[in-house]
Every structure is written in C-alpha cells, then in structure tokens.
Amino acid sequence: MRRQIPILITTIAGLVFAISYFIPHDPFGESESIFGDWITIVQAFAVWLGALNLLKISFEKISSKSADWPYAAIIVVSLMGTLAVGFYDGYSGMAQDPQISFRDPGTNFDWLYRFIYTPLSATMFSMLAFFVASASYRAFRARNVQATLLLIAGFFVMGGRVPLFDMMISPITDFPVFSWFADWIMTYPNTAGQRAIMIGIALGIMSSSLRIILGIERSHIGGGSG
Amino acid sequence: MLSTIAMVLSLIVGLSLIYLLIRTIQGHPVERRIVFIYIGLAVVLPLLMNKTLPLPITKDVQKLYDQLEKLQPGSKVLCAFDYDPPSAPELQPMAVAFLKYAFKKDLKIIIMGLWPQGPQQAQQAIEEAMLDPIIAGKNLVQGEDWVNLGFQSGNEFVIQSMGTEFKRMFPKDNRHIAYGEIPLLQDVVNFSNVDFVINFSAGKPGTTEWVQFGVDRFGFEMVAGNTAVQAPMMYPYLRTGQLKGLLGGMSGAAEFEKILDEKGKASTFLLAQTFAHATVIIFIIIGNLAFFSSRKKKMAGTP
Amino acid sequence: MEMISIWIAAILTLGIFSFLYKDNPLYKACEALFVGVSAAYWAIVFYFDNIYKKFYEGAVTADEPDYFLWIGAILGLLFLTRLIPKIGWVSRWPMALIVGATAGLWMVGYFVSNAMNQIGSTISGIIVYDTATGFVAWGETFGSLVILVGVLSGLVYFFFSKEHKGVFGATAKVGTWFLMVTFGASFGYTVMSRMSLLIGRVDFLLGDWLGILR
Amino acid sequence: MRLSSPNLTHNCLRIALFTLSLLLISLNAPLAQDAETAPDTAVVNTEPAADAAILAPLPAANVIAKDLPNDKGGAVLVSWELSPDDDGNGKVSGYLVQRSESKDGPFETAGNAVRGATKFTDNKTDDDKVYFYKVAAYFEYLDAADEKIRITSAATVTGPVQSSAQWFNMNRLYVLLFMLFVAGAIIFYIEKAKKGEEIYIRKIAGIDAVDEAVGRATEMGKKIFYIPGIQDMNDVQTIASIAILGRVAQMAAEYDTWLEVPVSKSMVLVTAREAMKEAYTKVGRPDALQDAQVHYLTDDQFGYAAAIDGMIVREKPATIFYMGAFFAESLILAETGNSVGAIQIAGTAMPAQLPFFVAACDYTLIGEELFAASAYLSREPRQLGSLKGQDMGKGLFILCIIVGVILATFDIWDMSVIFVSR
C-alpha cells in the first residue's frame with residue numbers, strides 16, 4: 001500500500017503527460033489540464049510546508065536555547081511580521097474600490113519588498129563578485145591544456161563583451177575586432193559545445209524519466225533502488 | 001570635480017597593481033580581502049566618473065530589434081517576468097527599455113510571472129516607464145493597454161496549461177479582476193491569440209522552459225533577455241530559431257538601450273562593468289605569471 | 001519616510017557586506033532577517049496567487065465550482081503531513097504526482113527541444129550560400145563547419161561504452177577542446193553577471209543612499 | 001519488493017507495449033476531417049457609413065476557415081490574404097473576424113487581428129456546431145469629438161467549418177519513432193545488465209586519479225574531504241555522488257586514512273553514513289568508521305560554504321572531492337581548497353559551475369561523466385544499462401548528422417525536416 005499507490009500515481013501522471021504530447025484528444029488532453037491544476041496547488045502547499053518547517057526548526061532552536069537562538073528568534077519575528085503585513089494588504093486591497101494588489105506600489109508589502117527583501121537578497125548574491133575576483137587571482141591557473149583553453153576563451157569573451165580591448169586598439173582600427181571575436185566564439189564554438197552538452201543531458205533526462213515512469217527508479221518515494 | 005578625483009584615484013590604483021604583481025611573483029600572494037578592496041574600487045570609481053562608452057550592436061541584439069520592429073501597433077505581447085531582485089541590475093534595464101518602446105508603439109502588454117517576484121519587478125518597471133513624458137501623455141489604462149496577471153505556481157506546468165487556456169492558470173489578474181472582464185483579454189484564449197512573447201529570465205523556470213514547453217509545443221515566436229550566467233546556454237536555441245533574439249547580461253541590456261534609443265541604467269553601468277572585467281583579467285594574468293615563474297623555479301631547483 | 005526607508009536598506013546592504021571582512025553577528029542577523037522575510041514573501045505570494053485565487057475562488061466561492069480542484073487541495077494538505085513524522089509517509093502521494101508528471105513532461109520536452117531540434121539544426125549542407133546574392137557565404141560556411149565538428153566530437157566525448165583510442169580517441173580530444181572553449185565563454189559571462197550584481201548594489205549605495213551619483 | 005523480480009519487469013514491458021499499441025491504433029484512426037471550405041460564396045456588404053465611401057479599405061481576399069489541425073478541438077483557424085490597401089501606409093488598421101452559425105448571419109465578433117496579420121485562431125468554438133466566418137479589413141480614426149470611428153470593408157462569407165479533436169499529432173510522428181528507439185535501447189540494456197552481462201564503460205580520467213589522491217593523503221598523514229554538493233537526495237547528481245563516495249570510502253578504509261564528509265541536507269547525512277558503513281564493512285574494518293566522519297553543517301548555501309571554508313583552512317586536507325550538484329558556492333570552495341595546496345577532484349553536471357572547477361581543480365568530471373563514473377564504480381545494472389542505452393541514442397544521432405550533412409551537401413534530401421517538429 002505505502003509503496004504501490006505512489007508508484008501507480010507516478011506512472012499514471014508520467015504517462016498522461018508523455019502521451020498527451022502525441023495524442024491531443026481526450027482523455028489525455030483534458031486529464032493533462034486537470035493534473036496541471038493539481039500540481040500548481042500542491043506546489044503552493046509545498047512552499048507553505050517550507051515556511052512552516054522553518055518556523056518549527058526555529059522554535060525548536062529557541063526552546064532548546066541552542067547557541068544561535070537569537071538568530072532563530074529574528075527568523076520567527078520577521079517571518080510572522082511579513083506574513084501579517086502580506087495578509088493584511090492582500091485582503092484589504094481586495095476590499096477597496098477599485099481593487100488593488102498587495103504588490104502594487106505604495107502598499108506596506110511593497111515597502112517590505114523594496115527596502116528589506118531587495119537589499120538583502122541582492123547584496124547576498126552580489127558578494128559573489130568579490131569571490132569570483134579572488135578566485136581568479138588565487139586559483140585560476142593554466143595548469144593544463146584544458147584550463148589554458150578555458151582561460152583564453154574566457155579572456156576574449158570578458159574583454160570583448162565590454163568596449164575594453166576595442167578602445168585600446170581604436171587608434172589602429174575602428175573595426176571592433178574583439179567584440180566581433182567574442183561574438184564569433186559565442187555563436188559558433190560555444191553553440192557547438194552547448195549543443196553537445198544539451199543533447200547528452202536530454203538523453204540522460206529521457207532515461208531517468210523513463211525509469212521513473214516505469215517504476216524502476218523510486219528514490220523519490222523513499223524506496224531504495226530495490 | 002568628483003569624476004577627476006575618481007580618474008586620478010583609479011590611475012593610482014592601477015599602478016599599485018604592479019606592486020601586487022611583484023609581491024605575487026615573489027611568492028607572497030596577498031590576502032583575499034585586499035583583492036576585495038580592488039574589486040570594490042573597480043566598481044565605485046568608474047561609477048563616479050559618470051561616462052558612457054561607445055558599444056557596437058551585436059547581431060543577436062539586432063535580430064531581436066528587427067523582430068520587435070515587425071510588430072504592428074495593437075499587437076498583443078505576452079511578457080513573462082521570471083526574475084528576482086538579485087538579477088534586477090541586469091534584467092530591469094532591459095524590461096524598462098522594452099516597456100518604454102512597447103508603450104510608445106501602442107503594443108498591448110500582458111504581464112505574468114513564473115517567479116513569485118516577477119510581477120512585482122514588472123510593477124516597478126511599469127512605474128518607471130510611465131515617468132516618460134510621451135508615455136505619460138498617452139494616459140494608458142490598466143486592463144486595456146496593459147494587464148498584470150500576477151504569478152502562478154507550477155513552473156513549466158503553467159506554460160503547458162496556458163497552451164490550452166490562459167484563464168485556467170490566471171483566473172483573475174493582479175488586482176483581482178476576473179479574466180473575462182478585462183477588455184484587453186477579450187480575444188485572448190491561449191498562445192495562438194498573442195502575437196509575440198518576450199521573456200526576461202534569470203534561471204529556472206525561465207527561457208529554457210519557455211522554449212521547451214511553449215515555443216516547441218504551441219509554436220509562437222519568442223525573444224528573451226537573460227542574465228549573463230544563463231545566456232551562453234541559449235545560443236543553441238538562437239541558432240535553431242527556437243529563440244528569435246537574445247539579450248545577454250549587462251552588455252546586452254546596454255546595447256538594447258542604445259538600439260531603442262532609451263538611455264537607461266545599463267548604459268551608465270557600462271564603464272564600471274568594463275573596469276571590473278579589466279580587473280579580473282589582470283588578476284588572472286598576475287596569478288598565472290606567478291604560477292609559471294614558481295614552476296620554473298621549482299624545475300630549476302630540482303637537480 | 002523615503003529617507004528612513006533608504007537608510008534601512010543601506011544598513012542592511014552594509015550588514016551583508018560586512019561578511020567580506022569576516023563573519024560577524026550583524027551579518028548573521030541580516031541573514032536571519034533575509035531567511036524569515038523571504039520565506040514569508042513566498043508564502044504570501046503563493047497564498048494569494050494560487051491557493052486563494054485558483055483554489056478557493058475556483059472550487060469554493062465560484063458560481064460553477066470546479067470540484068476537481070479539491071483533489072489538488074487534499075493532495076496539498078497531504079504534503080503538509082511531513083511536519084508530523086508519524087504519518088509523514090502519505091506526503092509521498094503528492095510527491096509521486098509531481099515527480100511522475102515532471103518525468104512525463106520533461107522526457108518529451110527535453111528530447112524534442114534539446115535533442116531533436118538541435119540535431120535538425122546541425123544538419124545542413126556544408127557550403128552555405130547567401131540567400132540574397134547567391135554567392136558562397138564563407139563566414140557562415142566556416143562557422144557551420146565549426147558547429148558540425150564541435151557537436152560531433154562533443155557527442156563522441158560523451159560516448160562511454162567505447163574506449164577512446166585511435167580516431168575515436170582523437171575525435172573525443174577535439175571534443176574536449178570545444179567543451180573548454182564553451183566553458184571559457186560561460187566563465188566570461190559568469191564574471192560579467194556577478195560584476196553586474198555588485199554594480200547594482202554600489203549604484204544603490206552611491207546613488208540612492210549617498211546621492212553622489214548623477 | 002525487489003525490483004529485479006521478473007514480474008515487475010514484465011509489467012514495465014507490458015506498459016510500454018500497451019503505450020505503443022495505443023499509439024499505433026491512434027495512427028490508423030481516421031484523421032481530422034477538415035470541414036469543406038466554400039470560399040467566395042457570397043459577398044455581404046456591411047452598412048457603409050455616410051462618409052465611408054472614400055475611406056473604406058479594400059477587403060481581405062481568399063478567406064479560408066478550417067479546423068485547427070493537431071489540437072484537442074474547440075478551435076478554428078481563419079486565414080486570409082492581406083487587403084491590397086494593407087501596405088503599411090495606414091489605410092488598414094486591422095481585421096475584424098466575425099462568425100455565425102448560419103450562412104446568412106447574424107454574425108458576431110470572433111476577434112480582431114492587427115494590420116499585416118493573415119490569420120486568426122478562434123479558440124471559442126463548439127465541436128458540435130457548424131460555423132461560417134467572414135473577415136473584413138477596417139480603418140479606424142478619431143473624429144473631431146475624439147470618438148473612435150471604424151469603417152469596415154466588404155467581406156466574403158466562408159464555411160461551413162466544424163472544429164474537431166485529433167487522435168494523433170502527425171507533426172510529431174518522427175519524435176515518437178526516435179523516442180521509441182532510445183527508450184527501447186535503454187530498457188533492453190538494463191535487462192541485459194540485470195542478467196549479469198558485462199557492459200563496458202570506458203576509463204574516466206578523474207576516477208583513475210582517485211587512487212593517487214587517496215594515496216597521497218595517506219603518505220602525508222592528512223585528511224580527505226568529500227563534499228557531496230548542496231542538493232538533497234532527490235537530485236540525481238547527489239545520488240551519483242553517494243555511489244562514488246562508496247568507492248572512495250573503501251579505499252580510505254584500506255589505507256586507514258581519515259575521510260570526512262560534511263553535508264548540508266539531513267537525508268544526505270543518513271545515506272552517506274550508510275554508504276560509508278557498507279564500504280568499511282566490505283574491506284573488513286567496520287569498527288574503524290566513526291560517526292564524526294559524516295556530519296551535518298547547515299542547509300544554508302553560503303553558511304555551508306563558509307563552514308567548509310573554515311574546515312579547509314584549519315585542517316589543510318591533502319585531498320578534496322567535490323561531487324554532486326553545486327551552485328555559486330563552487331568557486332568559494334575550489335579557491336580555498338586550492339589555496340591550501342590540496343589535490344582537488346571535482347564532478348558536477350551544473351554547466352554554469354563547471355568552468356570554476358576546471359580552472360581551479362586538478363581533475364574535473366564533466367556533466368555526464370559524473371553519472372558514468374558512478375555507474376562505472378557501482379556496477380549497478382540500472383545505471384549501466386541506461387548509460388549504454390543513451391550511448392545508442394547518441395550513436396544514432398551521430399549517424400543521422402553525418403548522413404544528413406552528406407545528403408544536404410549534395411542537394412539530395414533535406415533530412416533536417418524530420419527532426420524539426422515546430
């Protein structure tokens with residue numbers, strides 16, 4: 001029971017989506033749409049699962065007074081606070097005439113988005129700029145033929161996508177040599193390499209999907225390889 | 001004044017790199033925090049200089065522009081915003097430039113997002129586009145000239161389902177108005193009723209999914225603006241025609257602003273971008289010079 | 001108000017950047033705030049745009065309720081059982097739906113877009129003619145030859161059930177060169193992307209906060 | 001329930017056969033009956049406005065309405081040739097598509113198309129009803145009172161047409177054939193591998209280096225770190241990583257070298273521990289394994305990277321493995337490992353992270369090589385068979401490209417048409 005039903009669900013869902021690509025006629029066309037509806041709803045619940053789980057873990061940390069409990073408290077407060085603001089804005093916006101959205105400029109929720117969420121998330125990722133620079137200074141070596149080729153291609157693309165080298169050679173020629181070359185690398189060798197990778201990945205996905213649909217692969221339902 | 005100081009400073013910083021080179025070759029690489037400072041300066045100083053650089057238009061951007069030019073006034077364009085604030089420096093300028101162009105040309109814009117933050121970024125882009133005096137003079141009406149359908153969960157399943165009916169995935173718009181009551185969407189049932197699709201994408205779900213489950217199934221025409229991390233992977237789609245045009249990263253955004261003649265953020269960022277690239281290139285060179293000289297020493301040292 | 005808002009955003013920005021010097025309590029506090037706010041942000045958007053708009057208004061308050069949507073909601077609730085370890089195993093049902101449907105959709109989607117169409121585009125005559133003039137377009141001819149060689153040799157490199165020896169091995173070697181150039185291009189673009197993100201933040205600090213730009 | 005039971009394999013094959021037969025049946029089923037189109041049956045003039053005589057554009061010609069092919073019904077495709085006035089000079093503002101259930105009307109609006117458009121899809125049809133369509137070009141302008149005035153051209157009625165659903169999308173026939181070939185090859189080789197037949201996998205450079213790397217750590221008396229990425233067990237890359245970990249652990253156990261595995265997901269913690277236990281037991285030293293060797297750090301991406309950073313700097317391992325799904329943290333890790341002079345072997349299928357590993361590590365397994373390595377080391381039939389089946393697919397594609405290019409070069413046949421399904 002615990003194993004068979006999930007396997008059956010997996011197989012049916014997989015077959016419906018695979019077959020409806022070839023057979024638009026009902027029942028496949030319609031069941032595909034119905035399954036699609038369910039999936040969007042399940043995914044929304046999955047996001048809520050994440051939020052609730054985070055709350056649960058944070059409460060556990062606070063109650064056990066573990067070393068970083070004050071940070072867990074910040075998580076709980078900020079999460080609850082944002083939820084409260086969001087619910088308030090969402091429902092009160094619907095009651096207004098004309099209706100407004102919680103994400104319209106000027107709402108409290110939008111303020112949180114612009115002045116709390118945006119700086120935090122954007123800064124978090126912008127730190128990568130520093131790390132990439134430090135890595136290029138300390139680790140990126142032309143240690144073998146492969147790495148050498150990689151660095152040379154990277155060099156031309158980096159220099160050619162901004163008017164860096166072309167400005168340096170502008171006294172000699174007006175033709176944007178480096179920009180043109182960067183473009184060439186992207187259009188031909190890069191396309192070729194990406195394409196080979198893509199085809200390989202497509203076949204890989206094809207085979208793992210096939211195994212999932214046929215029930216040979218079942219790690220997603222907690223079953224071992226069997 | 002400020003820009004002169006910045007220029008002098010960047011000259012000094014540039015010269016100090018020579019010292020860095022010597023130290024590194026001697027086998028004393030500097031700490032990573034010093035590298036961090038260099039990168040910080042490489043971005044801060046050029047922003048203060050407030051200069052724009054000439055940039056040639058690459059053929060991918062030209063191709064995209066030609067596609068947009070073909071659109072007739074009144075054409076309905078589905079605009080998918082699939083990114084979040086961290087990628088906004090690259091994608092927001094593209095979105096703003098596109099919206100300005102589209103509103104001036106009387107294109108009808110249908111906005112949606114597969115990323116929860118997307119529609120909110122779209123609101124900001126619209127807000128900025130509306131500041132343009134020509135667009136402000138048009139008195140555009142939400143629901144008639146543009147509509148924001150909001151976000152729907154389900155990633156690629158949303159695209160798949162929209163192939164049959166948009167309404168199924170977006171029963172109401174952002175403001176909670178029923179799909180059927182929105183004038184702009186009267187004729188729009190699914191992809192076959194929109195004239196064009198443009199996607200601003202920072203990852204998954206994004207352009208790849210739009211190509212796989214949209215273009216290749218329902219046969220609409222699409223162009224995309226991508227973050228630079230993702231752009232190289234899109235070139236195969238560009239060559240097959242699955243994508244009709246591509247804007248890649250900040251340089252793509254700057255070219256786009258240039259070709260549309262809408263000066264925006266990306267153009268002003270270009271100098272900083274150039275300096276940052278130069279710094280990274282110099283760091284790679286310094287590191288490798290040190291690597292080779294130490295290897296030579298090692299070889300000479302072993303009898 | 002605008003002023004205070006920008007100051008708050010600036011302090012948070014600097015708080016995260018303080019990590020570059022070293023890990024510290026301010027960074028950890030900002031990180032915790034980020035985790036909390038973003039989890040709630042997602043929850044709110046998914047609630048209003050999906051659970052409320054799609055399910056509640058579609059299946060509960062609609063004039064012609066779509067009762068099928070209830071099954072979706074029940075599956076969604078089953079997902080939440082993960083929070084209760086004892087009955088957590090039923091969360092495998094909605095999981096099975098998502099995994100199965102994704103497998104079905106991807107199997108075809110990847111095969112068509114990333115394999116079939118790419119092969120189709122690789123197949124073309126070696127000599128390319130300019131459609132306008134009718135003459136040989138040398139640049140494009142050379143370019144498509146590069147793509148042909150690159151795709152074939154790359155596929156050979158990813159061929160695992162044959163030893164890389166002789167001609168086959170040499171072709172695979174060419175394949176690695178193409179892959180390396182590809183990675184180099186990716187590397188250059190990644191650097192571009194990362195730098196842009198930083199520029200965006202610095203623009204905020206210098207422009208919106210300190211007001212010394214423009 | 002064991003998977004290799006003949007019963008289940010049988011069932012799988014039955015499902016596959018069922019699917020196949022279903023598709024074949026559908027092929028033979030009668031294909032869409034396009035409704036006959038009766039062009040130019042009648043000309044109906046819309047009521048011309050008083051001042052319209054000069055302004056009304058010429059009508060659209062050759063209006064054809066037919067069932068939209070290869071769909072699930074409910075749609076009619078109306079197409080036409082541009083009005084001679086629609087030359088971009090603004091004499092035509094757009095086209096009005098109208099439909100009726102009877103030839104004589106009354107006609108209601110089905111939709112509008114912009115100027116320059118030559119088709120419109122009416123997605124609101126009922127498969128049980130018959131429709132007639134007409135298409136008129138129109139010109140719109142604002143009069144003195146800023147009111148929108150629309151002047152429509154004459155229009156021809158076409159029809160009857162009826163929408164219908166199709167049983168097979170003929171455009172996708174070749175896709176099906178190719179998919180069946182690859183799927184068949186995969187299942188065939190999995191079966192073969194299960195029966196114990198030898199399946200050859202070529203040597204993979206990074207994996208050959210594992211011995212050397214473990215040996216070096218032993219010589220130096222230092223630790224080995226194994227980082228399985230930041231994804232959970234539902235990612236195939238993590239699964240492959242654990243299979244490789246098993247092999248590395250076995251060697252570490254043999255050499256009696258400390259192997260440490262910091263993880264970022266609790267599921268990975270459990271699985272990695274099991275894999276380690278199995279490996280240590282295999283070489284007869286189960287008691288040498290300590291719980292502390294596999295430990296959980298944090299779920300958070302940068303938190304995980306920072307913690308490993310600290311470990312690397314403090315303990316200076318001789319060898320570091322990065323196998324699995326990595327994101328932006330890849331370069332932070334690889335850089336730090338490089339700075340302490342460790343031998344680094346990486347493997348991932350994340351295209352955006354591969355450059356960093358290639359540039360900063362000694363060996364890198366690229367994309368599929370990660371999966372091949374895990375099949376090579378684990379010798380598991382499912383993995384071996386899939387790999388071989390995928391190779392058959394690649395072989396077929398290579399063959400098609402070579403033949404196709406030759407045919408196209410000599411202008412014999414453009415084979416690309418069977419691959420492009422749009």
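Letters A, B, ... mirror the listed sequences (proteins, then strands); counts begin at 1.
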Largest heavy-atom contact set with chain C, pairs under 4.5 Å, which of D/Gly395, D/Pro355, D/Gly393: D/Pro355

Neighbourhood of chain D inside residues 138-169 of chain C, taking heavy atoms under 4.5 Å as contact: C/Leu148, C/Val151, C/Leu152, C/Leu155, C/Val156, C/Tyr157, C/Phe158, C/Phe159, C/Phe160, C/Ser161, C/Lys162, C/Glu163, C/His164

Residue, of D/Val182, D/Ile199, D/Leu354, that accumulates the most heavy atom pairs under 4.5 Å with chain C: D/Leu354

Throw together a table of side-chain donor-acceptor distances under 3.5 angstrom for residues 410-419 of chain D, partners on residues two or more places apart or in other chains.
residue	atom	partner	partner atom	Å
D/Asp414	OD1	D/Ser416	N	3.2
D/Asp414	OD1	D/Ser416	OG	2.7
D/Asp414	OD2	D/Ser416	OG	3.4

NZ/C/Lys173: more than 12 non-hydrogen atoms of other groups inside 6.0 Å: no

Heavy-atom contact with chain D under 4.5 Å, split by part of C/Met107: both

Rounded distance [0.5 Å steps], OG1 in C/Thr122 versus CD1 in D/Ile401: 5.0 Å

Within 6.0 Å of CZ in C/Phe68, more than 12 heavy atoms from elsewhere: no

Under 3.5 Å donor-acceptor, C/Ser186 side chain and D/Ala352 backbone: no

D/Tyr200, OH: over 12 other non-hydrogen atoms inside 6.0 angstrom: yes

Interface residue of largest heavy-atom contact number with chain C, from D/Met179, D/Arg172, D/Met392, D/Gln353, under 4.5 Å: D/Met179

Residues of residues 8-40 of chain C with any heavy atom under 4.5 Å of a heavy atom in chain D: C/Phe19, C/Tyr27, C/Glu31

Top contributor to chain C contacts, counting heavy-atom pairs under 4.5 Å, from D/Lys203, D/Glu369, D/Gln390, D/Lys388: D/Glu369

Exercise: identify the closest heavy-atom pair between D/Ala408 and C/Ser124: CB-C, 3.7 Å

Chain C contact via D/Val405 - side chain, backbone, both or neither, heavy atoms under 4.5 Å: both

Derivation of the side chain to side chain contact (heavy atoms under 4.5 Å, CB included) call for C/Met116 and D/Val420: CA-CA 7 Å; C/Met116 295 289 281; D/Val420 180; over 6 Å; no

Most contacts with chain D, counted as non-hydrogen pairs under 4.5 angstrom, among C/Thr190, C/Ile127, C/Ile119: C/Ile119

Qualifying ring-ring contact (aromatic ring centres under 6.0 Å, His included) pairs with a residue from residues 354-382 of chain D, counting only residues at least two apart or across chains: A/Phe140-D/Phe356, C/Phe187-D/Phe356, D/Tyr322-D/Phe357, D/Phe326-D/Phe357

Interatomic distance, D/Ile406 atom CD1 to C/Ile126 atom CD1 [nearest 0.5 angstrom]: 8.0 Å

Options D/Leu384, D/Leu387, D/Thr409, D/Asp391, ranked by heavy-atom pairs under 4.5 Å with chain C, top entry: D/Asp391

Gap separating the OG1 atom of D/Thr364 from the CG atom of C/Leu179, nearest 0.5 angstrom: 12.0 Å

